[in-house]
Every structure is written in C-alpha cells, then in structure tokens.
2 protein chains.
Amino acid sequence: MPATILIVEDEPAIAELVALHCKHAGYTVKVVHAVLDARDAVDEALPDLIVLDWMLPDKSGIDFARELRKDDRTKDLAILMLTARAAEDDKVRGLEVGADDYVTKPFSPKELIARIKALLRRAAPESSDEPIEVAGLRLEPAAHRVSGNGTELKVGPTEFRLLRFLMSRPDRVMTRQALLDGVWGDHVFIEERTVDVHVRRLRIALEPTGHDALVETVRGGGYRLRKR
Amino acid sequence: MPATILIVEDEPAIAELVALHCKHAGYTVKVVHAVLDARDAVDEALPDLIVLDWMLPDKSGIDFARELRKDDRTKDLAILMLTARAAEDDKVRGLEVGADDYVTKPFSPKELIARIKALLRRAAPESSDEPIEVAGLRLEPAAHRVSGNGTELKVGPTEFRLLRFLMSRPDRVMTRQALLDGVWGDHVFIEERTVDVHVRRLRIALEPTGHDALVETVRGGGYRLRKR
DNA sequence: AATGAGTGTCACAGAGCCGTAACATCATTG
DNA sequence: CAATGATGTTACGGCTCTGTGACACTCATT
C-alpha cells in the first residue's frame, strides 16, 4: 500500500512540483497551503510523511513541527522541511526542531524524492539526541561531548559533526560527497579534499583513545568508521 | 568513462567559458545555441547532463526543461540551469520546474564545476547494497569489505569489483570480455590479458581463506567463481 | 589592536594501484 | 613427444589518490 504524503506549501508552483514528483514516485499525495488546513488534514488521516515549508502564511513551519512533536499521535511522524537558501545552514542545523531532514530551495526533484524515500524507509529518525556508542566511543549530542574509554576528548565543531555522522552509520563507507552533504549540508561548495583534512583532524582528536585506525580510509571510496 | 555534457547557451562567450571548464574537468562537451538544436542533439546522443540557459533566442530554457521532463527518455536527465542575476532568487524558486540545480550569472567556474560534479554523482545509479555470500565468502558493498571464514580480506578496488561481479553470477563462466564490460565498464579499451592479472591478484587476496581454486579457469572460456 | 581558535585550500611527497609487457608454465592436439 | 596456443606469474613505469604540514582568512574575545 502506497505511503501518503502531506504537502504543506504556500507557493502553488512548488506545491505542484513536489506533488507531481511524489505522485510519480507512487505515493498518495495531499496538498494544503497553510498550517490551519494541515492540522485538519492530519486529524482526518494521519500521513506517513509531511513535506513542510519553512515559511507559511499563517504560522512558521517550525512551530508546526514543534507542535506535531508534542502530540503523541504525531510524535514520530516523518517531517521533511523545505527551507529557503537564505536560511543559512548553520541556523537550520542549530534550530533542529524536530524535522527529520531538510532540503533547501531551490531543490532538485530527484534529491527530494530520494530523501523522501530514505525517510520513509528508515522509521528511526537519525538526528536523535540520544548518545551514540560505537567502537568504544561515546558521543553525547546534547552535551556536545565525546569520550573514548572513559577519557574525554577534545573535538572541534566540524569534527564533532563529522564524527556524529560517521557514528550514525558505522562500518559504512561514506564518499567524500556524502560526507559533504551530511556534515556540511547540501548545496555547499567545498572541495572534496577538505574532507580529508577534517578527517585528519578528527583522527588526531581521537588519538588519546589508544585505538588507532578508528576512521579507515577506503581508497577510491571514501572513509569508514570501524564498528568494533 | 567520461560523462557527456550538452551546453545550451546563446551567448558565445559564456558558452565557450563553460565548455572550456567542462572539458578541463574531463567531460565530453557539446555546445548548441538554441532549443531547436538542443532537441536534435538530445535525440542524436543522450547526454548525461544539460547546462541550460534560462534565456534563449527561440524558446525559454524553462519550457525546454519542462519538455524534457515529460519525455520518458529524458525524464531523469540532470539539468543545470543558468540564470541571470536579475532574475531574483524568489522568482527562480517559484518558477523552478524541473531543473536539478541552478547557477546565477555571473558564476564562478569553480562553483559551476562543483555543482556539475555533484549532479553527475547523484545521478549515478546505486546498485544493490545487499551483502552477498557465496562459497564461504561474504562481500558487503556498503562497507566495501570482504571476509572469508570470518577473517577480513584485503582486496583492492578493481579486485573488489571483479569479485563482486563474479559473486553476483556464481558458477557461471564469464568471458574476459564480459568481465571487462561488467567490471571495467563498456567501451573500455583494455587488453583482455589484463583480466588475467587481476584474477591473479584476486586469487592472492583470497588466499588467506584457505580455500584455493575459488576462482576457476575455464580454458578457452574465461573464469568462474565456484558456488561452493 | 592583538590574540587565538576554527576553517578551507593548497602544494608536495609518498603510497598504492593499474595496465602492460615479458617470460614461465601448463594443457591440448596431432 | 613435440608443437602450439592459452594461462600463470612477475616486474615495472606511470598515474591517481591520500596524508600531511603550511597558510590565509574569519570571527570572537581580550
């Protein structure tokens, strides 16, 4: 049975574009243009995923996302936020208000669908604030703290996000592009080689643990965090 | 396997600039100056990506993009739109109907190439990421890792692809040409004997498993991976 | 203004990988 | 058994990729 997607988007052109691609991808689609209508739609039939614009006529998409997170019924609803480019990445990342993912406008339809699919596939939200433990490392998002084998590690901001991203998918080879997308955000123009430098900085930061080669290089592929 | 890029741009100076940078980045380039010519070019040889100017003499680039999206053959074609700065972001955002990304003029060549690279990478098809197990070997595409009887094996990039290809069709005799096509890609000019060398390297890589003759030679035929 | 941390980019060197040639060995055929 | 062709094995030059240190720039704090 096809998943249903609720699109909350003011601008008709974008709403139509998104709806078109979702339909084409085989999903059932419902479009509303304001938060008020969105509430009704959610009450009426719980969708599997909400594509939510950041800027809406009656209320901020963020507020609506917060609101959804508070309600038990919609607490685990997958939310994909649409943001304007002006809304800087850091801002968005800093405000992480419960959206499971976000896409900046203008977006590629292909990318949008890919992210929707990804969200629907994994029920578990990845940006949880729960501590992660992998390979003897412990990362606490809330406290912004990393420790390995009991000792606390000094990890810079970028390295922290990099490590978090790697730990969220241990044992999996991440291409430099994937890391750029996941750690720095899409639509950012940074040399791929820059990833190498931050990987080095991360490795140095992880040295006090004693374990070396926690972050492995896959030649021609990217990097991978050892699971154990 | 260089990707081919079709540039649809009226202004000669810009067309040349873009073409130059694309060529320099190793892509095959074709330049046309109007939508009419672009249609022919697409019909003749499907490009991997189109750099499309917003303003064209005979027809709007947007209309052409819409047109491309409707055709099944070109539905998933990567489109990078070039827009004048005058066309303000909001306008672009609103009207954006199928371009995968866009760059405003004047643009930095670096950014342009970065975006092109990103688009082409994203367009690359992802083959199944499920682990394969054959003859005591376990190959995990996502982790880019091979293990035999519990021990991890050190396998180079080409050998990895070779093994993956063989494991995906166990017990089946693969000619050297089939291996070249499947592992190296079609239309690659490489000596068939090179396959032999990589098969040897693969055999060496698989030695730690204890089992020998996992990769069998079929005289006059090619190679085959034993199923068990 | 000075300082220091954080970041992105670059250049260089070394390591690893690749395709090929050349020679050795094996299988098949007569 | 000799001849012939196919395959195994090794070595090597060239090239790509990665590690690493240095540097400039920004931003916040002093």
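First the proteins, then the strands, lettered A, B, ... as listed; each starts at 1.
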hbond_proxy B/Arg193 side chain to D/dG8 base (donor-acceptor, 3.5 Å cutoff):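 Donor-acceptor pair under 3.5 Å: yes.
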Any side-chain heavy atom of [X] sitting closer than 4.5 Å to one from [Y]?
{"X": "B/Gln177", "Y": "B/Asp181", "answer": "yes"}
{"X": "B/Leu49", "Y": "B/Tyr27", "answer": "no"}
{"X": "B/Arg200", "Y": "B/Asp196", "answer": "no"}

Just to be sure I understand the rule, does [X] reach a base, reach only the sugar-phosphate, or reach nothing, if contact means heavy atoms closer than 4.0 Å?
{"X": "B/Glu192", "result": "nothing"}
{"X": "A/Thr158", "result": "sugar-phosphate"}
{"X": "B/Val218", "result": "sugar-phosphate"}
{"X": "A/Val197", "result": "base"}

Integer-rounded Å distance: [N] [atom2] and [X] [atom1]:
{"X": "A/Leu180", "N": "C/dG8", "atom1": "CG", "atom2": "C1'", "result": "11 Å"}
{"X": "B/Leu202", "N": "C/dC17", "atom1": "CG", "atom2": "P", "result": "14 Å"}
{"X": "B/Leu179", "N": "C/dC18", "atom1": "CG", "atom2": "P", "result": "15 Å"}
{"X": "A/Leu162", "N": "C/dT7", "atom1": "CG", "atom2": "P", "result": "11 Å"}
{"X": "B/Ile204", "N": "D/dT9", "atom1": "CD1", "atom2": "P", "result": "8 Å"}
{"X": "B/Asp196", "N": "D/dT7", "atom1": "CG", "atom2": "C1'", "result": "6 Å"}
{"X": "A/Ile190", "N": "D/dT26", "atom1": "CD1", "atom2": "C1'", "result": "14 Å"}

Counting only side-chain nitrogens and oxygens, does [X] get under 4.0 Å of the OP1 or OP2 atom of [N]?
{"X": "B/Thr217", "N": "D/dT7", "answer": "no"}
{"X": "B/Trp184", "N": "C/dC18", "answer": "no"}
{"X": "B/Arg201", "N": "C/dC18", "answer": "no"}
{"X": "B/Arg176", "N": "D/dA6", "answer": "no"}
{"X": "A/Arg200", "N": "D/dG19", "answer": "no"}
{"X": "B/Tyr223", "N": "D/dG8", "answer": "yes"}
{"X": "A/His198", "N": "C/dT7", "answer": "no"}

Minimum-distance pair of heavy atoms, taken over all atoms of B/Leu166 and B/Val215: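 For B/Leu166 and B/Val215, the tightest heavy-atom pair comes out as CD1-CG1, 4.4 Å.
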Neighbour count above 12 (heavy atom, 6.0 Å) for B/Arg172 CZ: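 Incorrect, the count does not exceed 12.
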Other residues, nucleotides, ligands: >12 heavy atoms within 6.0 Å of B/Glu16 CD: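 No, because the 6.0 Å sphere around CD of B/Glu16 holds 12 heavy atoms or fewer from other groups.
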Shortest side-chain distance from [X], nucleotide among [options]:
{"X": "B/Arg219", "options": "C/dC18, D/dG5, C/dT20", "result": "D/dG5"}
{"X": "A/Pro157", "options": "C/dT9, C/dG6, D/dT18", "result": "C/dG6"}
{"X": "A/Arg203", "options": "D/dG8, C/dG19, D/dG19", "result": "D/dG19"}

